[in-house]
Asks: 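Would you mind keeping the following structure in view while I ask a few things?
As the structure is a prediction and not an experimental result, all values here were calculated from the model.
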Amino acid sequence: IARHLLDVGLESFLPLYRTRRIWSDRVKELELPLFPRFVFARCALQTRANVLRIPGVRSIVGFGKETAYISETEIAALKAMISSGLPVQPWPYLKIGDWVRITRGPLQGLEGILVREKDSWRVVVSVHLLQRSVAAEVSRLVITPAKRSSGNQFTE
């Protein structure tokens with residue numbers, strides 16, 4: 001679907017992550033979507049019908065007849081996490097936790113929720129509309145408390 005969107009001239013974003021799967025006879029590294037069944041696209045309302053004609057598109061996320069929009073800040077944070085080279089993975093959606101800002105390294109300036117898993121710290125970035133999240137492992141030394149900010153919409 002992401003390729004079809006690009007073919008018709010629409011900006012799309014399909015965030016992927018790498019994971020290892022173990023079968024009885026081998027281990028394979030795969031690239032999988034961070035948000036299965038979702039592709040982000042920037043398009044005008046007038047192109048909605050064209051998007052729905054793309055093979056594999058079932059619907060456009062919305063509330064009734066109103067299209068839903070993802071914050072530009074959330075999209076930028078996802079892109080930063082993926083391009084950082086750090087291991088990322090899907091993460092359960094979180095509503096509680098400390099809001100933090102990363103102060104150094106490839107994710108400098110990114111904000112998210114701080115969580116701890118076993119002996120490591122992770123910053124979780126959420127796409128609220130989808131109620132899905134992505135986590136990246138970070139050093140506790142590069143995070144500082146932050147006030148939650150709001151962003152613009154990922155629209156045209």
Asks: Might you confirm whether atom CG of L30 has over 12 heavy atoms from other residues, nucleotides or ligands at distances under 6.0 Å?
Replies: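 Enclosed: over 12 neighbouring heavy atoms sit under 6.0 Å from CG of L30.
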Asks: Taking atom CD1 of I102 and atom CD1 of I143, what is their separation to the nearest 0.5 Å?
Replies: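 Here the rounded value is 7.5 Å.
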Asks: Evaluate side-chain contact (heavy atoms from CB on, under 4.5 Å) for L34 paired with L16, printing each intermediate quantity in order.
Replies: CA-CA 5 Å; L34 274 169; L16 301 171; over 6 Å; no
Asks: Write down the atom of E74, the atom of V125, and the distance for their closest heavy-atom approach.
Replies: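 Scanning both residues, the minimum pair turns out to be O-CG1, 4.5 Å.
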Asks: How close do F38 and L14 get, heavy atom to heavy atom, and via which atoms?
Replies: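 For F38 versus L14, the nearest heavy atoms are O-CD1, 3.7 Å.
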Asks: Can you give me the closest heavy-atom contact between L52 and S59, atom names plus distance?
Replies: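 So the two residues come closest at CD2-CA, 3.9 Å.
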Asks: Of the non-hydrogen atoms in Y17 and Q89, which two are nearest, and what is the gap between them?
Replies: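 So the minimum-distance heavy-atom pair works out to CD1-CA, 4.2 Å.
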Asks: Does I54 reach the side chain of V8, with side-chain heavy atoms less than 4.5 Å apart?
Replies: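 Yes, side chains in contact.
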Asks: Which residue pairs pass the salt bridge (charged side-chain N to carboxylate O under 4.0 Å, His left out) test with at least one member in residues 43-60, sequence neighbours excluded?
Replies: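 Salt bridge (charged side-chain N to carboxylate O under 4.0 Å, His left out) check on residues 43-60 returns no pairs.
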Asks: Please examine the side chains of V127 and F40, heavy atoms only from C-beta on, and report whether any two atoms are closer than 4.5 Å.
Replies: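 Side-chain contact under 4.5 Å: yes.
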Asks: Taking L86's backbone N and O only, do any of them form a donor-acceptor pair with S84's side chain (distance below 3.5 Å, no angle check)?
Replies: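 Looks like yes, one N/O pair under 3.5 Å.
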Asks: CD1 of I60 to SG of C43: how many Å apart, nearest 0.5 Å?
Replies: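 Going from the CD1 atom of I60 to the SG atom of C43 covers 5.5 Å.
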Asks: Within a strict 4.5 Å, meaning less than it, do heavy atoms of the R104 and T144 side chains meet?
Replies: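 Side chain of R104 against side chain of T144, heavy atoms only: no contact under 4.5 Å found.
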Asks: Check whether more than 12 heavy atoms from other residues, nucleotides or ligands sit under 6.0 Å from atom CZ of R26, and answer yes or no.
Replies: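 More than 12 within 6.0 Å, yes.
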Asks: Is the CD atom of E66 crowded by more than 12 outside heavy atoms at less than 6.0 Å?
Replies: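 Not buried by this count: 12 neighbours or fewer within 6.0 Å.
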Asks: List in chain and number order the residues that pass side-chain hydrogen bond (donor to acceptor under 3.5 Å, both in side chains) with T47, two or more places apart in sequence or in another chain; answer none if no residue qualifies.
Replies: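 For T47, no residue satisfies side-chain hydrogen bond (donor to acceptor under 3.5 Å, both in side chains) once neighbours in sequence are set aside.
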Asks: Supply the atom-to-atom distance I75 CD1 to E11 CD, rounded to the nearest 0.5 angstrom.
Replies: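 Rounded to the nearest 0.5 Å, the CD1-CD separation comes to 9.0 Å.
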Asks: If you compare all heavy atoms of L141 against all heavy atoms of T103, which two are closest, and at what distance to 0.1 Å?
Replies: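 Looks like O-OG1, 4.4 Å.
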Asks: Return the minimal non-hydrogen interatomic distance between V100 and A146, and the atom names on each side.
Replies: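 Scanning both residues completely, I find the closest heavy atoms to be C-CB, 3.9 Å.
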Asks: Go through it in stages, so that I can follow the logic: the residues are V51 and L5, the test is side-chain contact (heavy atoms from CB on, under 4.5 Å), and I'd like the CA-CA distance, side-chain angles, deciding distance and then a yes or no.
Replies: CA-CA 7 Å; V51 171; L5 288 166; 4.2 Å; yes
Asks: CG/L6 to OG/S12 distance, rounded to the nearest 0.5 angstrom?
Replies: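 So the gap between those two atoms works out to 3.5 Å.
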Asks: Hey, mind stepping through F35 and L78 against side-chain contact (heavy atoms from CB on, under 4.5 Å) and telling me if it holds?
Replies: CA-CA 11 Å; F35 306 103; L78 288 172; 3.8 Å; yes
Asks: Indicate if L130 and F63 have the same hydrophobic cluster label, given that clusters are the connected sets of ILVMFWY residues with side-chain heavy-atom separations under 4.5 angstrom.
Replies: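 As far as the 4.5 Å side-chain criterion goes, F63 and L130 are connected within one cluster.
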Asks: So, are E72 and R42 salt-bridged, with charged N and O less than 4.0 Å apart?
Replies: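 Salt bridge flag = yes for R42 with E72.
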Asks: Apply the test side chain to side chain donor-acceptor pair (under 3.5 Å) to residues W99 and E111: give CA-CA distance (whole Å), side-chain angles for both, the deciding distance (0.1 Å), then the verdict.
Replies: CA-CA 7 Å; W99 194 255; E111 294 183 3; 2.9 Å; yes
Asks: Heavy-atom distance under 4.5 Å between the side chains of P55 and V57, does that happen here?
Replies: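 Answer no - side chains too far apart.
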Asks: Apply side-chain contact (heavy atoms from CB on, under 4.5 Å) to E117 and V115, showing your working.
Replies: CA-CA 7 Å; E117 183 183 75; V115 297; 5.9 Å; no
Asks: Return yes when atom CG of D25 has more than 12 non-hydrogen atoms of other residues, nucleotides or ligands closer than 6.0 Å, and no otherwise.
Replies: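 Yes, because the 6.0 Å sphere around CG of D25 holds more than 12 heavy atoms from other groups.
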Asks: Would you say the side chain of W121 lies within less than 4.5 Å of the side chain of E137, judging by non-hydrogen atoms?
Replies: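 They are not in contact (no side-chain heavy atoms under 4.5 Å apart), so the answer is no.
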Asks: Salt bridge (Lys or Arg N to Asp or Glu O under 4.0 Å) with E29: which residues, sequence neighbours excluded?
Replies: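 E29 satisfies salt bridge (Lys or Arg N to Asp or Glu O under 4.0 Å) with R18, R20 only.
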Asks: Do the non-hydrogen side-chain atoms of M81 and P106 ever get within less than 4.5 Å of each other?
Replies: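 No. Closest side-chain heavy atoms not under 4.5 Å.
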